[in-house]
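These notes are about the structure you will find just below.
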Amino acid sequence: MQKKYLMTPGPTPVPAEVLLTQAAPMIHHRTPDFSAAFAEAIKGLKYVFQTEGDVLLFASSGTGVMEAAIANCFCAGDTVIVCRNGKFGDRQKNICQVYGLNVIDLQYAWTEVVRPADVEAALKANPEARGVIVTQSETSSGVLNDVKAIGAIVREYPETVLIVDSITGIGAVDCKTDEWGLDVVMTGSQKGLMLPPGLAACTVSEKAWRAYSRSTLPKFYFDWMKYKKNIEKDTTPFTPAVSLVLGLNVALKMIMDEGLENTIARHSMLAEATRKGCEALGMKLFAPEEGRGSAVTPVWVPEGIDGKKIVSILKNKYGITIAGGQDDYTGKIFRVGHLGYFGPFDIITTLAGLEMTLAELGYEFERGAGIKAAESVFMGE
Ligand SMILES: *Cc1c(COP(=O)(O)O)cnc(C)c1O
């Protein structure tokens, strides 16, 4: 027998309370029982999104809600500014191109943050732009983009919506949807919401509803208005992911009981301990100091070590699943997820496993230095 640890930024570990709720016998979705649960879920989602506006919930993975944002806000030929500094930003650009949008491409290296001044300049140069699209927490790189600053810029353009992929942001870092002027903010269930994959949610501001009204791109399953009209009656246009919605309420209650601010503070401490632990082992962090998120910590694989082996030894020998690098960074970085149902000892365990793995691979470092550095963070030293 081997005890398993899931240390990836999605899917993330699911608390037992949430799992057990989903094991309950199926209920029908056109019943007062489900309607009550659904209304509670929408209310809880508004809390985590920090919005008083509309929240829509879909049975899909995160990419569904990303595609939906494009189909619901724009017309073919519309100009949009896509800010991308990682794999998920790239995906957003691909979706825009599939829908025939004219993309102004603000491309950065994966190790850079999106510069709000560039967004401002792009909007000045292209005032007809109907949208700005940005990833708050770039899961491929661990970079945190400043959506608050970008929100303050886009707010000045009444016909331009700001679409934010916060799929690994919500529940891990602060995302003040209303206060920061974010028009569409998206998340997925298998990330900070501590659920299995299968649900995705987004907020829709007044400005985004205006964009919806003029949008002519085709949409059916993901047509926002169908969801809004049904939510007003505490129901859904199509069969919802009933068990996931019931589980969502348990997960949301856990976040509410902790208090969103404390949830975010916990993530920030877990991220800090992971960073300090890896640095104490002589490794370098991938994300730049001015933009490090709390969902995932990517780390450069030390010189002369095979990065794929770090991931495979950790998994096969020690039962700890971390993520490798993606695209150009395959084998060059590894990523430790700490998004959702995580506590200090998940980090200590992972750092201990990492030390044993690195020792086996012949990397030279002071044994115990990683866990000691993490302990100091948790003890507030
Ligand atoms: C996980 C993730 C998505 C969505 O991916 P799915 O596999 O479709 O759920 C989108 N953006 C970011 C930043 C993510 O981490």
Side-chain angles (χ1 to χ4, degrees), residues 6-14 45 48-49 56-71 82-96 98 107-108 110-114 132-147 150 162-175 182 184-203 221-222 241 244 247-248 251 267 271 286-287 291-298 321-327 329 333-342:
L6 183 60
M7 300 293 300
T8 56
T12 64
V14 181
L45 285 169
V48 294
F49 276 117
L56 311 179
L57 183 60
F58 308 89
S60 87
S61 87
T63 307
V65 84
M66 291 164 78
E67 176 166 351
I70 304 307
V82 177
C83 313
R84 57 188 182 110
N85 53 350
K87 191 180 176 70
F88 292 100
D90 294 351
R91 183 174 299 173
Q92 201 66 257
K93 181 189 169 198
N94 290 339
I95 297 171
C96 290
V98 164
Q107 189 187 2
Y108 300 85
W110 285 28
T111 50
E112 287 181 315
V113 294
V114 170
V132 172
I133 301 161
V134 63
T135 310
Q136 184 188 24
S137 162
E138 198 16 289
T139 319
S140 58
S141 67
V143 171
L144 183 70
N145 291 314
D146 188 352
V147 297
I150 297 170
L162 176 55
I163 297 175
V164 178
D165 172 350
S166 186
I167 294 180
T168 54
I170 292 298
V173 295
D174 203 11
C175 188
L182 316 178
V184 180
V185 179
M186 311 177 269
T187 197
S189 57
Q190 80 276 28
K191 311 283 173 108
L193 294 177
M194 308 181 284
L195 284 166
L199 286 181
C202 74
T203 68
Y221 180 75
F222 283 113
L244 285 170
L248 175 61
H267 281 81
F286 183 78
R292 289 177 182 153
S294 300
V296 57
T297 299
T321 304
I322 63 166
Q326 295 171 295
D327 295 355
Y329 297 100
I333 62 172
F334 62 83
R335 296 174 298 145
V336 179
H338 30 68
L339 166 64
Y341 188 51
F342 286 98

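Order of listing sets the numbers, starting from 1, for every ligand and every atom in it.
In terms of polar-atom proximity, Thr135 is not counted as a contact of ligand 1, lacking any N or O under 3.5 Å from an N or O of the ligand. For ligand 1, the polar-atom distance check against Thr139 finds a nitrogen or oxygen pair separated by under 3.5 Å. Among the atoms of Phe88, none of the N or O lies under 3.5 angstrom from an N or O of ligand 1.
Remark: distances from the non-hydrogen atoms of Met66 to ligand 1 include one below 4.0 Å. Under a 4.0 angstrom heavy-atom cut-off, Arg91 registers as being in contact with ligand 1. Residue-ligand proximity: Gln190 is placed with a non-hydrogen atom under 4.0 Å from ligand 1.
In plain terms, the two heavy atoms of Ala287 and Arg292 that are nearest each other are O-NE, 3.0 Å.
Without hydrogens or angle criteria, Glu112 side chain to Asn85 main chain gives no donor-acceptor distance under 3.5 Å. For Thr8 (side chain) and Gly337 (main-chain N/O), no donor-acceptor pair under 3.5 Å exists by modelled atom type. Using a distance-only test at 3.5 Å, with no hydrogens or angles considered, no donor-acceptor pair links the side chain of Arg335 to the main chain of Thr297. With hydrogens and angles disregarded, a donor-acceptor distance shorter than 3.5 Å links the side chain of Thr168 to the backbone of Ser137.
Using a 4.5 Å cut-off on side-chain heavy atoms (C-beta onward), Met66 and Ile167 make contact.
None of Val164, Ile163, Ile170 except one satisfies the side-chain contact (heavy atoms from CB on, under 4.5 Å) rule with Met186; the exception is Ile163.
Counting heavy atoms under 4.0 Å from ligand 1, residue Thr63 touches it through both backbone and side chain. Counting heavy atoms closer than 4.0 Å to ligand 1, residue Ser137 contributes backbone atoms (N, CA, C, O) but none from C-beta onward.
Ranking protein heavy atoms by distance to atom 11 (N) of ligand 1, first place goes to Asp165 OD2, 2.6 Å. Nearest protein neighbour of atom 1 (C) of ligand 1, counting heavy atoms only, is Lys191 NZ, 1.4 Å. Here the heavy atom of the protein found nearest to atom 6 (P) of ligand 1 is Ser61 OG, 3.4 Å.
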Check against side chain to side chain contact (heavy atoms under 4.5 Å, CB included), Cys175 and Val185: CA-CA 9 Å; Cys175 188; Val185 179; 3.9 Å; yes
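Close approach to Gly62 involves these atoms of ligand 1, each under 4.0 Å from a residue heavy atom: 4 (C), 6 (P), 8 (O), 9 (O).
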